[in-house]
> 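Below is a structure I'd like to ask you about.
The basis for the numbers below is simple: all heavy atoms, side chains too, and nothing from hydrogens, waters or symmetry mates. Worth saying up front: this structure is predicted, and the values here are computed from it rather than measured. Proteins come first, then strands; the chains are lettered A, B, ... in the order of their sequence lines, and each starts at number 1.
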2 protein chains.
Amino acid sequence: MSVGHTAVTTEPVVRCGDATEDCGIREVLDRIGDKWSVLVVVELARGVRRFRQLQRATPGISQRMLTLTVRRLERDGIVTRTVHPTVPPQVEYELTAVGHSLTHLVKALADWSAEHRDVIARARREWDAEHPGAGIR
Amino acid sequence: MSVGHTAVTTEPVVRCGDATEDCGIREVLDRIGDKWSVLVVVELARGVRRFRQLQRATPGISQRMLTLTVRRLERDGIVTRTVHPTVPPQVEYELTAVGHSLTHLVKALADWSAEHRDVIARARREWDAEHPGAGIR
DNA sequence: CCGGATCCTAATCGATACTG
DNA sequence: CAGTATCGATTAGGATCCGG
């Protein structure tokens with residue numbers, strides 16, 4: 001396959017004593033690893049958004065999931081929720097400082113994805129070809 | 001709450017036309033957003049590992065989940081799987097070049113987590129205090 | 001417009017038992 | 001040792017109806 005990575009005997013880039021401690025990586029992933037959080041954050045990175053705006057900008061999300069998503073983000077201090085007591089009601093969501101710093105991380109994710117999606121797609125096709133009828137999805 | 005982030009009207013760090021396109025972020029998260037992948041990758045970042053070694057280094061993972069996890073990572077070209085036809089059987093897992101590059105991304109995750117975990121934990125406690133009996137978990 | 005409450009389905013994961 | 005197979009529990013997520 002000629003991936004030819006330069007024999008790294010020990011280059012523990014991540015550096016935490018053991019996978020046991022999990023570095024806190026799981027915390028981040030529990031926060032943004034779900035189906036919708038990053039998409040909402042990405043949209044909010046473009047500016048203040050109302051509930052409906054967020055829903056329209058995130059095709060496929062249900063009302064329920066959007067509610068849950070923004071609630072969790074609010075709880076973690078990643079977005080603020082501002083209710084304007086008008087009629088009809090108007091609620092605005094906005095990234096906090098932490099939320100904005102998160103967008104940089106999201107950018108890193110997007111960059112990595114863009115950089116490797118082709119290679120990975122190819123590897124996947126090859127694997128699927130060599131393993132016919134493997135239910136690994 | 002005094003988060004006081006500097007009024008960012010439009011600083012689209014992420015830059016993809018719309019959350020609609022999702023940048024491919026979802027691809028990454030579908031790959032490493034699960035419960036165990038990153039932990040396995042972190043352990044493999046420290047060197048070549050056998051199946052049992054991975055399982056011992058990842059407390060709580062079941063045999064089944066480890067199998068599924070390494071299979072998916074192999075399929076995506078993130079790890080290689082080498083079977084030594086000895087007895088008892090011996091299978092070694094090793095990061096590919098893509099896998100190693102992923103390690104850097106994981107480090108970014110770990111760094112961000114370390115940098116914000118306290119603030120987030122505090123925000124969460126405050127939210128929970130202000131919203132008694134909210135089943136948001 | 002915003003979102004809570006309810007019901008239901010599908011995916012995920014863990015435990016256990018068994019095989020080469 | 002390194003898996004596969006099966007089952008059950010838990011969870012995430014979608015659809016829908018309703019209320020402020």
> C:dC2 P sits how many Å from A:Leu54 CG, rounded?
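These atoms are roughly 9 Å apart.
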> Looking at C:dC13, D:dC1, D:dG14, which one has an atom nearest to any side-chain atom of B:Pro89?
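Nearest listed nucleotide: D:dC1.
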> Would you sort out whether B:Arg49 and B:Glu43 count as a side chain to side chain contact (heavy atoms under 4.5 Å, CB included), showing the intermediate values?
CA-CA 8 Å; B:Arg49 292 291 185 273; B:Glu43 179 60 23; 2.8 Å; yes
> Please determine whether a side-chain nitrogen or oxygen atom of A:Lys35 lies at a distance below 4.0 Å from atom OP1 or OP2 of C:dA11.
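The answer is no; no side-chain N or O of A:Lys35 sits under 4.0 Å from OP1 or OP2.
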> Choosing from C:dC13, C:dC1, D:dC1, which nucleotide comes nearest the side chain of A:Pro88?
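Closest nucleotide to the A:Pro88 side chain: C:dC1.
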> Would you say A:Gln55 and A:Arg52 are linked by a side-chain donor-acceptor pair, where the criterion is simply a distance under 3.5 Å?
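A pair is found: one side chain offers a donor N or O, the other an acceptor, under 3.5 Å apart.
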> To the nearest Å, give me how far apart CD1 (B:Ile61) and C1' (C:dA15) are.
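Computing the B:Ile61:CD1 to C:dA15:C1' distance gives 14 Å.
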> Return the value, rounded to whole Å, for the distance between atom CE of B:Met65 and atom P of C:dT16.
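Atom CE in B:Met65 sits about 17 Å away from atom P in C:dT16.
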> To the nearest Å, how far apart are A:Trp36 CH2 and D:dG14 C1'?
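It is 10 Å, rounded to the nearest whole Å.
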> Distance alone, cut at 3.5 Å: any donor-acceptor contact between the side chains of A:Thr58 and A:Trp36?
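A:Thr58 vs A:Trp36: no donor-acceptor pair found between side chains.
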> A:Asp30 CG to D:dT11 P: how many Å, rounded?
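Result: 13 Å.
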> Considering only D:dG14, D:dA2, C:dC1, which nucleotide approaches the side chain of B:Arg50 most closely?
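The nucleotide sitting nearest to the side chain is D:dA2.
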> Salt bridge check: are B:Asp111 and B:Lys107 linked by an N-O gap of less than 4.0 Å?
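A salt bridge links B:Asp111 with B:Lys107.
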> Strictly below 4.0 Å, N to O, side chains only: are A:Arg124 and A:Asp128 in salt-bridge contact?
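Here A:Arg124 does not pair with A:Asp128 in a salt bridge, since their nearest N and O are not under 4.0 Å apart.
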> With a 3.5 Å cut-off and sequence neighbours excluded, list the donor-acceptor pairs that the side chains of residues 59-68 of chain B form with protein atoms.
unit_1, atom_1, unit_2, atom_2, d
B:Ser62, OG, B:Met65, N, 3.2
B:Thr67, OG1, B:Gln63, O, 3.0

> Starting from B:Val70, can I reach B:Val83 by hopping between I/L/V/M/F/W/Y residues whose side chains sit under 4.5 Å apart?
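Cluster IDs for B:Val83 and B:Val70 match.
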> Considering only nitrogen or oxygen atoms on both sides, find all protein atoms under 3.5 Å from nucleotides 3-7 of chain D and state each distance.
unit_1, atom_1, unit_2, atom_2, d
D:dG3, OP1, B:Arg71, NH2, 3.1
D:dG3, OP1, B:Arg81, NE, 3.3
D:dG3, OP1, B:Arg81, NH2, 2.5
D:dG3, OP2, B:Tyr93, OH, 2.5
D:dG3, N7, B:Gln63, OE1, 3.1
D:dG3, N7, B:Gln63, NE2, 2.7
D:dG3, O6, B:Gln63, OE1, 3.0

> Send over the distance from A:Asp34 CG to C:dA10 P, rounded to a whole Å.
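One finds 21 Å between P of C:dA10 and CG of A:Asp34, rounded.
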> Measure the distance from CZ on A:Arg49 to P on C:dC2 and round it to the nearest whole Å.
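It works out to 13 Å between those atoms.
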> Atom CD of A:Gln53 to atom P of C:dG3: distance rounded to whole Å?
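After rounding, the gap between these two atoms is 13 Å.
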